[in-house]
There are 2 protein chains.
Amino acid sequence: MDAQLKRGLLDLCVLAAIKDEDSYGYKIIKDLKPYAELSESTLYTILKRLEAAEMLTVRTAEHDGRLRKYYHITAEGLQRIEEFRLDWEEMLKIHRFVTKEDKDL
Amino acid sequence: MDAQLKRGLLDLCVLAAIKDEDSYGYKIIKDLKPYAELSESTLYTILKRLEAAEMLTVRTAEHDGRLRKYYHITAEGLQRIEEFRLDWEEMLKIHRFVTKEDKDL
DNA sequence: TGTAATACATCGTAACACGAGGTATTACCT
DNA sequence: AGGTAATACCTCGTGTTACGATGTATTACA
C-alpha cells in the first residue's frame, strides 16, 4: 500500500492494537500485520510520539528473563480513536469524489 | 481534518479534479474546497510532482489577457486513480480494525 | 555452531503539507 | 484617483513522518 496513504493511519492502528489489552512492540507488529505492515523503526517512532502526546503510558516488565515494555492506552488515546470516526466521514467524501465514474452523473 | 490523514489523498483529489475536464490552479482549489481544503503552496507542489510523474501535462493559455496553466490528466494519472480503488480496500480494513467496538465481539 | 526469532533502540533521509511571502492583472467601490 | 478584493501564478523554509540501515542482547532450535 502506498506509504503516503498510510500516514496518520498507522498511529490509529497502534492505538487500536493496545486498546483492549496492553501490548508490547514486537506483538503490536505481528498483530497489525494483516492490516498494515510497519517496520520496527516506524513503530518505535510512533510509540515515542504517542507517549509524548500522552495517548499511551509505558510500563517495563520482565517476561522470561527478558524486558518488555508494555503500552497502555489513555483516555486521550481513546478519544483520538473517536475523533478518527469523524475524520473517516471526510475521507469517505474524498473517496466518493475521487472514484466516481463521471462528474455529470 | 488531520493533516497526516490527508496525505496521499490530496494527489488523488487533484487528479480527480482534472479528470473529466482540463482545469487550472485557482479553479482546482475552489472545486476541491467542499472535499479538502488545500493552500496554493500545497497545490503547486502537488501539480509539479504529478507533472514530474507524468500523471498530467501542462498547457499555457491566455484567458482575458491573463495567463492560465491548464492541466490535463494522462493515462498514468487515470491509472493512479484506479489503483486507489485497491488501496481503498486496505484502508477500509484498517478503518474496521481501528473503529470496531471490541476485539472479542 | 549458526541462524532464526524475540525485543529493544538510534540515525539519516526523502517525501510531503503548509505558512509566509512575492509578483501581476482585473474588477469593483467610494 | 485610491484602495481593496479577487484572480492567477510562484518560491522558500520548516516540521512531521515512514522507513531502511544498523546496532545490541537474549532465547530457541537444528
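- For the pairing with B:Gln4, the side chain to side chain donor-acceptor pair (under 3.5 Å) check across A:Gln4, A:Lys6, A:Arg7 returns one residue only, A:Arg7.
- Rounded to whole Å, the distance from OH on A:Tyr24 to P on C:dA7 is 4 Å.
- The side chain to side chain donor-acceptor pair (under 3.5 Å) contacts involving residues 45-58 of chain B comprise B:Asp11-B:Arg49, where partners must be two or more places apart or lie in separate chains.
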Practice problem: For B:Ile94 and A:Leu12, run side chain to side chain contact (heavy atoms under 4.5 Å, CB included): C-alpha distance rounded to whole Å, both residues' side-chain angles, the deciding distance at 0.1 Å, then the answer. | Solution: CA-CA 9 Å; B:Ile94 291 175; A:Leu12 275 311; 5.9 Å; no
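- B:Gln4 has its CD atom 11 Å from the C1' atom of C:dC18, to the nearest Å.
- Straight-line distance from the CG atom of B:Asp64 to the P atom of C:dA27: 7 Å, rounded to whole Å.
- A:Leu15 CG to A:Phe84 CZ: the interatomic distance, rounded to the nearest 0.5 Å, is 11.0 Å.
- When heavy atoms are screened at a 4.0 angstrom cut-off, B:Arg66 is found touching base atoms of the nucleic acid.
- Nearest approach of B:His72 to B:Ile18, heavy atoms of both residues: C-CD1, 4.0 Å.
- A pairwise comparison of heavy atoms in B:Tyr24 and B:Lys69 identifies CB-O, 3.2 Å as the closest pair.
- Counting to the nearest Å, the C1' atom of C:dT6 and the OH atom of A:Tyr26 are 5 Å from each other.
- Taking every nucleotide of DNA chain D with any atom under 4.0 Å from a non-hydrogen atom of chain B, the first and last of them, 5' to 3', are D:dT7 to D:dT17.
- Computed from coordinates, the A:Leu38 CG to C:dC8 P distance equals 13 Å when rounded to whole Å.
- In terms of heavy atoms, B:Ala36 sits closest to B:Cys13 at CB-SG, 4.4 Å.
- Minimum interatomic distance between A:Ile29 and A:Leu43 (heavy atoms only, all atoms of both residues): CG1-CD2, 3.6 Å.
- Residue A:Gly25 comes nearest to A:Tyr44 through the heavy atom pair CA-OH, 3.9 Å, listed as atom of the first residue, atom of the second, then distance.
- A:Leu32 has its side chain within reach of A:Val14: a pair of non-hydrogen atoms, C-beta onward, lies under 4.5 Å apart.
- Non-hydrogen atoms lying under 4.0 Å from DNA chain D are contributed by A:Lys6, A:Arg7, A:Gly8, A:Leu10, all within residues 5-14 of chain A.
- Taking each heavy atom of A:Tyr35 and B:Lys100 in turn, the nearest pair found is OH-NZ, 4.1 Å.
- Across all strands shown, B:Lys30 has heavy atoms under 4.0 Å from sugar-phosphate atoms exclusively, and none from any base.
- Here A:Arg59 pairs with A:Asp22 under the salt bridge (charged side-chain N to carboxylate O under 4.0 Å, His left out) rule; sequence neighbours left out.
- A salt bridge links B:Arg85 to A:Glu101: at least one charged side-chain nitrogen sits closer than 4.0 Å to a carboxylate oxygen.
- Taking the screw axis at each terminus of the helix from C:dT1-D:dA30 to C:dT30-D:dA1 from five consecutive base pairs, the angle between the two is 10° to within rounding of 10 degrees.
- A heavy-atom distance below 4.0 Å to DNA chain D is reached by these residues of residues 40-53 of chain B, ordered by number: B:Glu40, B:Ser41, B:Tyr44, B:Lys48.
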